[in-house]
Amino acid sequence: MRTLGNFFKRLLCWLLVLLLAALAAVGGVLGLQGWQLYRTTQQDLPAAQLYETISARPSFTTCDAIPQTYIDAVIAVEDSRFERHHGVDPLAIVRALWTDLKTKSLAEGGSTLTQQLAKNVYFTQEKHFARKAAELFAAVDIEKHYGKQQIFEMYVNTIYFGSGYYGIAEAAQGYFGKTPAELTSAECVLLAGLPNAPSAYSPNSSPALALKRSQVVLDRMVSAKKLTKIQAMELQDEITALPVLARN
């Protein structure tokens with residue numbers, strides 16, 4: 001019996017080794033595919049030219065013309081460790097994997113703002129592992145060339161806010177008839193929540209979901225100590241009263 005037990009233990013160990021080897025091989029193949037995909041994108045638009053290209057757009061808006069509340073809201077809800085990572089956040093990836101395992105979904109991606117910028121500029125929104133690997137390579141490259149402020153500016157000027165609006169300037173004008181600098185704190189919070197799922201959260205599509213998403217943003221801002229609980233409650237009342245929600 002002891003011999004049989006030892007046999008099964010050894011068999012289990014060998015199966016585990018084979019599984020790990022297979023995973024490493026798959027990871028190597030996907031990594032190579034991702035690297036090749038990333039290199040292809042650099043032929044058309046190198047990371048070193050990214051800011052120059054995006055900032056040449058007529059509607060490009062710098063951080064100086066964006067309310068601090070909006071900046072705080074975006075970082076809190078999308079990438080709370082934005083100032084501390086170098087394009088890829090291993091902690092966020094592990095946290096996202098754990099959430100996906102618990103929920104049996106791919107709802108959480110663990111992407112940083114820099115990864116999201118890379119995805120928006122270089123790749124499609126289709127989810128597959130090779131593209132994800134390419135996105136990682138691109139994010140690290142972007143972080144080598146630019147500071148956090150430039151990366152944030154490129155991000156908010158290229159993301160989709162729903163209802164056909166790309167970039168913070170179009171979103172501010174389209175939803176509120178304002179420039180980004182004129183946005184109120186309530187309007188900033190509402191806009192910060194839209195890019196996560198713009199088609200679903202757009203006030204023009206679903207005011208109820210947009211309002212629910214704004215509460216998530218406020219909760220994250222409280223956790224990040226950018227707002228007190230009282231300030232968040234006051235802002236939620238202001239968001240509820242926004243005409244863009246009421247008119248729907």
Exercise. Can you tell if the side chain of Leu50 reaches within under 4.5 Å of the side chain of Val121, non-hydrogen atoms only?
Worked result: yes
For this session: Using the six-membered ring wherever Trp is involved, compare the ring planes of Phe152 and Tyr155 and label them parallel, tilted or perpendicular (cut-offs 30° and 60°).
Result: tilted
Exercise. Is there a side-chain hydrogen bond (donor to acceptor under 3.5 Å, both in side chains) between Asn157 and Glu153 once you walk through the steps?
Worked result: CA-CA 6 Å; Asn157 280 279; Glu153 289 174 350; over 6 Å; no
Exercise. Less than 4.5 Å apart, any side-chain heavy atom of Leu194 and any of Pro203?
Worked result: yes
Exercise. Tyr51 vs Tyr146 aromatic rings, parallel, tilted or perpendicular, using cut-offs 30° and 60°?
Worked result: tilted
Exercise. Does any donor atom in the side chain of Ser163 or Asn204 lie under 3.5 Å from an acceptor atom in the other side chain?
Worked result: yes
Problem set entry | Gap between atom CD1 of Ile75 and atom CZ of Arg81 - 0.5 Å precision | 13.5 Å
Exercise. Using 30° and 60° as the class limits, which term best fits the ring planes of Tyr165 and Tyr175: parallel, tilted or perpendicular?
Worked result: perpendicular
For this session: Measure the shortest side-chain to side-chain distance between Gln173 and Lys178 over non-hydrogen atoms and say whether it is less than 4.5 angstrom.
Result: no
Exercise. Less than 4.5 Å apart, any side-chain heavy atom of Thr184 and any of Glu238?
Worked result: no
Problem set entry | ILVMFWY cluster, Met233 and Leu227 together (side-chain gap under 4.5 Å) | no
Problem set entry | Between Gln116 and Asn120: side-chain donor-acceptor atoms closer than 3.5 Å | no
For this session: Among Ile, Leu, Val, Met, Phe, Trp and Tyr joined by side-chain contacts under 4.5 Å, find the other residues sharing a cluster with Tyr166 and list them by chain and number.
Result: Tyr160
Exercise. Roughly how far, to the nearest 0.5 Å, is the CD atom of Gln43 from the OG1 atom of Thr41?
Worked result: 8.5 Å
When the side chains of residues 135-144 are checked against the rest of the protein, which donor-acceptor pairs come out under 3.5 Å, sequence neighbours left out?
unit_1	atom_1	unit_2	atom_2	d
Glu135	OE1	Arg131	NH2	2.7
Glu135	OE2	Ser111	OG	3.4
Glu135	OE2	Gln115	NE2	3.1
Glu135	OE2	Lys132	NZ	3.3
Asp141	OD1	His145	ND1	3.4
Asp141	OD2	Tyr38	OH	2.6
Glu143	OE1	Lys148	NZ	3.1
Glu143	OE2	Gly87	N	3.4
Glu143	OE2	Thr114	OG1	2.6
Glu143	OE2	Lys148	NZ	2.9

For this session: Could you check if a side-chain atom of Ile239 sits within less than 4.5 angstrom of a side-chain atom of Leu218, using non-hydrogen atoms only?
Result: yes
